[in-house]
Protein chains: 2
Amino acid sequence: MADVKPIGKALFLREEELRRGIELMFFAYRDFTGEADSILAERNMGRAHHRAIYFIGRHPGITVSNLLTILCITKQSLSRVLSGLMKDGYVVQRLSANDRRQRLLHLTQAGTALEARLTSVQGRRFAAAYREAGVDAVAGFQRVLQGLLDNSTLHQLTQHDQSTIE
Amino acid sequence: MADVKPIGKALFLREEELRRGIELMFFAYRDFTGEADSILAERNMGRAHHRAIYFIGRHPGITVSNLLTILCITKQSLSRVLSGLMKDGYVVQRLSANDRRQRLLHLTQAGTALEARLTSVQGRRFAAAYREAGVDAVAGFQRVLQGLLDNSTLHQLTQHDQSTIE
DNA sequence: CTTTATTGGTCAACATGGCTGACGTAAAAC
DNA sequence: GTTTTACGTCAGCCATGTTGACCAATAAAG
């Protein structure tokens, strides 16, 4: 509301444009997660399990702490999910050699397979959307999404080094 | 995995590109909803209340049925949320003249005010992201998000007429 | 060596928001 | 007029987020 012109129509169009973005985010996120949710539901798992599997696959040997930093949920929420994943044989913990307090998280074969399946399903959707929209649109898409991030999230993502492997 | 070139590096880059999209969607959606969630939490409300308020504001006089079609949740989930919103004075029901089975939903003054506040917060984030990214990026953003939608959602959105007012 | 901080985990208790199934009531169909 | 359909509500279950208290192992600081 800082640099709004004193013209009724311009204001209206601006608001409509913003609402369009808000609504697209809602619907696209819902549909984007829908297929994976179905696969997970078959195995009595939810989106929380997916997130854990995804980021453990992405950062093998990640500590619980670092996973918490990525997910921004409480230790207890994650603990419940990890317990289930270990019980069901998707994730294993190994003790760290450096610091034996740390449990380093790894996917099992079953975990890797499930992660691949879920990522494949979501990747196909992205691949189709990217193909339809074109390269320039994809760049714009990523720029806008990046602009929607909190600063802390942005910093986290730009440090995409080996820091979680230790 | 249909039209993949038999080159290791190209495949890797493609997968990384898709994973970047998947992750950006996760983080951006979380941060995008975070501020509104905080405002809602102050009033003992959640994201479900927000969705209901948002779409009632968008389609004054919408029926419960039509709201269900938009949200894709069960009648019971919505009913619980609507009961709370009516109890707290954000929403009122009016009986339809045509079909007295229907309850037509409207925001109260408090509901309108809350909707405006929440939309303003999310709109500001979008406005900032749009400003940084530029007009072309915004177009690409919208094209890609649209491509991520289920067909049924896309059809629903392209029929943005008065059908919900009846 | 002792103290303190960090890391990881557990348990209890609670709220939100999905779900299913049972069940009214109003309108439509026969 | 009875049956069927449409619309909405209620009760209760489950997953997943929350807070707070607490414990154990280890690292770091004194």
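In what follows, every chain begins at residue 1, and chains take the letters A, B, ... in the order their sequences are listed.
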Colleague: Dump every N/O contact between nucleotides 21-23 of chain C and the protein below 3.5 Å, one line per pair.
Modeller:
{"unit_1": "C:dG21", "atom_1": "O6", "unit_2": "B:Gln76", "atom_2": "NE2", "d": "2.6"}

Colleague: D:dG17 base to A:Arg80 side chain: any donor-acceptor pair below 3.5 Å?
Modeller: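 By the distance-only test, yes, there is a pair.
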
Colleague: Considering every strand and a 4.0 Å limit on heavy-atom distances, what is the contact class for A:Asn44: base, sugar-phosphate, or nothing?
Modeller: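 Touches nothing.
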
Colleague: Mind calculating the distance between NZ (A:Lys87) and C1' (D:dA15) to the nearest angstrom?
Modeller: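 Rounded to whole Å, this separation is 14 Å.
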
Colleague: When rounded to the nearest 0.5 angstrom, what distance separates CD in A:Glu115 from CG in A:Leu107?
Modeller: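 Between A:Glu115 CD and A:Leu107 CG, I get 6.5 Å after rounding to 0.5 Å.
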
Colleague: For DNA chain D, whose closest nucleotide is more 5', that of B:Leu68 or that of A:Arg47?
Modeller: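 Taking each residue's closest nucleotide, the earlier one in sequence belongs to B:Leu68.
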
Colleague: Please determine if B:Arg30 forms a cation-pi arrangement with B:Phe26, meaning its NZ or CZ atom is less than 6.0 Å from the six-membered ring centre and no more than 45° off the ring axis.
Modeller: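 So B:Arg30 does make the cation-pi contact.
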
Colleague: Taking only side-chain N and O atoms of A:Ser79, does any of them lie within less than 4.0 angstrom of OP1 or OP2 on C:dT10?
Modeller: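 Checking A:Ser79 against C:dT10: at least one side-chain N or O falls below 4.0 Å of OP1 or OP2.
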
Colleague: Measure the distance from CE on A:Met45 to P on D:dG17 and round it to the nearest whole Å.
Modeller: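 My rounded result for the distance is 13 Å.
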
Colleague: Phosphate oxygens OP1/OP2 of C:dT7: is one of them under 4.0 Å from a side-chain N or O of A:Gln93?
Modeller: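 No.
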
Colleague: Starting the side chain at C-beta, find the nucleotide from C:dC19, D:dG17, D:dC10 nearest to B:Ser83.
Modeller: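 It is D:dC10.
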
Colleague: Between C:dG17, D:dG8, C:dG9, which one does the side chain of A:Val64 approach most closely?
Modeller: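 Selected nucleotide: C:dG9.
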
Colleague: Give the nucleotide from the list D:dG12, D:dT16, C:dT7 with an atom nearest to the side chain of A:Ser65.
Modeller: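 Shortest atom-to-atom distance from the side chain points to C:dT7.
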
Colleague: Would you find more than 12 non-hydrogen atoms of other residues, nucleotides or ligands less than 6.0 Å from A:Gln109 atom CD?
Modeller: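 It does not: A:Gln109 CD has 12 such atoms or fewer within range.
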
Colleague: When rounded to the nearest 0.5 angstrom, what is the spacing between CZ in B:Arg143 and OH in A:Tyr130?
Modeller: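 These two atoms lie 14.0 Å from each other.
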
Colleague: Roughly, in whole Å, what's the span from CG in B:Leu82 to P in D:dC7?
Modeller: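 Spelled out: CG on B:Leu82 to P on D:dC7 is 15 Å.
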
Colleague: Tell me: NE2 of B:His50 to C1' of C:dG17, nearest whole Å?
Modeller: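 About 16 Å, once rounded to whole Å.
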
Colleague: Roughly how many Å is it from CG in B:Leu67 to C1' in D:dT9, rounded to a whole number?
Modeller: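 About 15 Å, once rounded to whole Å.
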
Colleague: Rounded to the nearest 0.5 Å, how far does CZ of B:Phe126 lie from CG of A:Leu148?
Modeller: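 Taking CG in A:Leu148 and CZ in B:Phe126, the distance rounds to 5.0 Å.
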
Colleague: Is it the case that the ring center of B:Phe55 lies less than 6.0 angstrom away from the ring center of A:Phe27?
Modeller: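 Yes; B:Phe55 has its ring centre under 6.0 Å from that of A:Phe27.
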
Colleague: Go through D:dG8, D:dT18, C:dC19 for me and flag the one nearest to the A:Thr74 side chain.
Modeller: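 The listed nucleotide nearest to A:Thr74's side chain is D:dT18.
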
Colleague: Going through the distances and angles, do B:Thr112 and B:Tyr90 end up as a side-chain contact (heavy atoms from CB on, under 4.5 Å)?
Modeller: CA-CA 8 Å; B:Thr112 304; B:Tyr90 295 106; over 6 Å; no

Colleague: Just to be sure I understand the rule, does A:Ser77 reach a base, reach only the sugar-phosphate, or reach nothing, if contact means heavy atoms closer than 4.0 Å?
Modeller: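 Answer is base: heavy atoms of A:Ser77 come under 4.0 Å of a base.
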
Colleague: Please tell me if A:Arg51 has a side-chain N or O lying less than 4.0 Å from either OP1 or OP2 of D:dG17.
Modeller: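 Checking A:Arg51 against D:dG17: at least one side-chain N or O falls below 4.0 Å of OP1 or OP2.
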
Colleague: How long is the line joining CG of A:Asp37 and P of C:dG17, in whole Å?
Modeller: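 Answer to the nearest Å: 17 Å.
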
Colleague: Looking at every heavy atom in both A:Ile53 and A:Gly111, which two are closest together, and how far apart are they?
Modeller: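 Shortest heavy-atom separation between A:Ile53 and A:Gly111 comes out as CG2-O, 4.0 Å.
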
Colleague: How many whole angstroms separate atom CG of A:Leu78 from atom P of D:dT19?
Modeller: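 For the pair A:Leu78 CG and D:dT19 P, the rounded distance is 14 Å.
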
Colleague: Whole angstroms only, please: what is the CG-P distance between A:Leu40 and D:dA15?
Modeller: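 In whole Å, D:dA15 P lies 13 Å from A:Leu40 CG.
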
Colleague: Looking across every strand, which nucleic acid part, if any, lies under 4.0 Å from A:His49 by heavy atom: base, sugar-phosphate, or nothing?
Modeller: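 Sugar-phosphate, no base atom in range.
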
